[in-house]
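Each chain gets a letter, A, B and so on, in the order the sequences are listed, and its residues count up from 1.
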There are 2 protein chains.
Amino acid sequence: MDYMNTAPTSADPGEPRWLTAEEQRVWRAYIDATTLLEDHLDRQLQRDAGMPHVYYGLLVKLAEAPDRRLRMTELAMSAKITRSRLSHAVARLEKSGWVRREDCPSDKRGQFAVLTDEGQEMLARHAPGHVNAVRQAVFDRLTPEQQKSLGEIMRIVAEGLQPSEAGADLPWLR
Amino acid sequence: MDYMNTAPTSADPGEPRWLTAEEQRVWRAYIDATTLLEDHLDRQLQRDAGMPHVYYGLLVKLAEAPDRRLRMTELAMSAKITRSRLSHAVARLEKSGWVRREDCPSDKRGQFAVLTDEGQEMLARHAPGHVNAVRQAVFDRLTPEQQKSLGEIMRIVAEGLQPSEAGADLPWLR
DNA sequence: CTCGTGTACTTGAATTCTCAACTTCCACCA
DNA sequence: TGGTGGAAGTTGAGAATTCAAGTACACGAG
């Protein structure tokens, strides 16, 4: 009655196309795996590095950016989170000393988030543990073909939900 | 410096096995897709049904359970969340009228979460929109082979993170 | 120059989630 | 029969997230 329907497929546009039994199985596996994995990584990083997985991801993005800095909006887009969420997150990371804010000289509204040396060091310290967790949970369990397939599938899904990644620098429309 | 290393593979157990460039691409696609999808579904359900995706999932599990009821711990395990989180969630769903609690006659510590008629109706009302969102974001974009592959991969990952799903009714060890 | 529209980012309040107790009860053993 | 250890569930405080609104600045049209 919820995901599945006993009735045969219908061409009626008002009648929703329910998930088949097999599609349901796939979808539930997806929900289970993503829930468990997110939880697992959050726990690992909270315990070892004292921050949730998302925050760690922000530091990684900064570490890879030229000059270890990114405009707030760029960082938000890159991490696929809202600017509001990022503002709160950076405030917290700033308090912990991993990130510092800097004014943008060319646009007085703008702010850079900059990875501090302490942030850099802490990444270096905890990256091995994190990579290990990811490997254990995902890559060590999948064949090379499955890894490739996972990449393709996830790219398709992400692309479908991105407003216009291909188009241009178009905004964060919500 | 974070996920990848320029150095060749090492047999040193103290040296972490970094992700290759290709593995990184897969991992980032995974993070992007799951973040965007979770956000998308949360928004859709919050707008239409007034609750986050996890809460909706709880109602679905109850709807499928015999007698539309489940013990708290069973529901928590089934949804892959902690009992604490579930307690808060059910308290909220109870306030909204979709769920009601009932004492377990055979175990005075136990509680059933029961889907109310209002909860049932609201599921029926919003299931089409939700299925549609899932379809649009995932199934309509993937070939049958990709769907099958996704299911297998996600089952493997979930299985790896489950303490002992195969073993028995063993507990929720954290 | 200034008005209006839009961009960049922040803020506060309400909601949700985590973590560590805590309460109550069951089951078993001596 | 009375402990005792564990299981079921809740609670409260703090952290994170969402949503709607707010401030400050940019930029083009007139």
Please determine if B:Arg43 and B:Asp48 form a salt bridge, counting it only when a charged side-chain N lies under 4.0 Å from a carboxylate O.
no

What is the distance, rounded to the nearest whole Å, between atom CG of A:Leu75 and atom C1' of C:dA8?
14 Å

Quickly work out the B:Met51 CE to D:dT18 C1' distance and round it to whole Å.
17 Å

Return a single string for nucleotides 18-28 of chain C, one symbol per nucleotide in 5' to 3' order, where B is base contact, S is sugar-phosphate-only contact and - is none, cutoff 4.0 angstrom on heavy atoms.
BBB---BBS--

I want to confirm an ordering. Mapping A:Met72 and B:Pro52 to their closest nucleotides on DNA chain C, which one lands closer to the 5' end?
A:Met72

Between A:Ser87 and B:Val54, whichever has its closest DNA chain C nucleotide further toward 5' is A:Ser87

Decide whether A:Arg83 and A:Ser87 meet the rule of one side-chain donor and one side-chain acceptor closer than 3.5 Å.
no

In whole angstrom, give the distance that lies between atom CZ of B:Arg83 and atom P of D:dA7.
9 Å

Between B:Trp27 and A:His53, what is the ring plane arrangement, given parallel below 30°, perpendicular above 60°, and tilted in between?
tilted

With nearest nucleotides of DNA chain D determined for A:Tyr55 and B:Ala91 from heavy-atom distances, which residue corresponds to the more 5′ nucleotide?
B:Ala91

side-chain hydrogen bond (donor to acceptor under 3.5 Å, both in side chains) between B:Glu118 and B:Thr116: does it pass, once the steps are laid out?
CA-CA 5 Å; B:Glu118 295 80 12; B:Thr116 63; 3.2 Å; yes

Here the distance between atom C1' of D:dA16 and atom NE2 of A:His53, to the nearest Å, is 16 Å

Go through it in stages, so that I can follow the logic: the residues are B:Lys148 and A:Glu22, the test is salt bridge (Lys or Arg N to Asp or Glu O under 4.0 Å), and I'd like the CA-CA distance, side-chain angles, deciding distance and then a yes or no.
CA-CA 9 Å; B:Lys148 182 167 171 239; A:Glu22 181 50 27; over 6 Å; no

Indicate yes or no: does A:Glu102 engage A:Arg69 in a salt bridge with an N to O separation below 4.0 Å.
yes

With a 3.5 Å distance limit and no angle check, can you tell me whether A:Gln146 reaches the backbone of B:Ser149 through a side-chain donor-acceptor pair?
no

I need the CD-P distance between A:Glu94 and C:dC9, as an integer number of Å.
14 Å

Using only side-chain N and O atoms of B:Arg71, determine if any of them is under 4.0 Å from OP1 or OP2 of D:dG9.
yes

Given D:dA16, is OP1 or OP2 found less than 4.0 Å from the side-chain N or O atoms of A:Arg92?
yes

When the distance from CD of B:Glu102 to C1' of D:dA8 is rounded to whole Å, what number comes out?
17 Å

Looking at every strand, decide which applies to B:Arg47 at a 4.0 Å heavy-atom threshold: base, sugar-phosphate, or nothing.
nothing

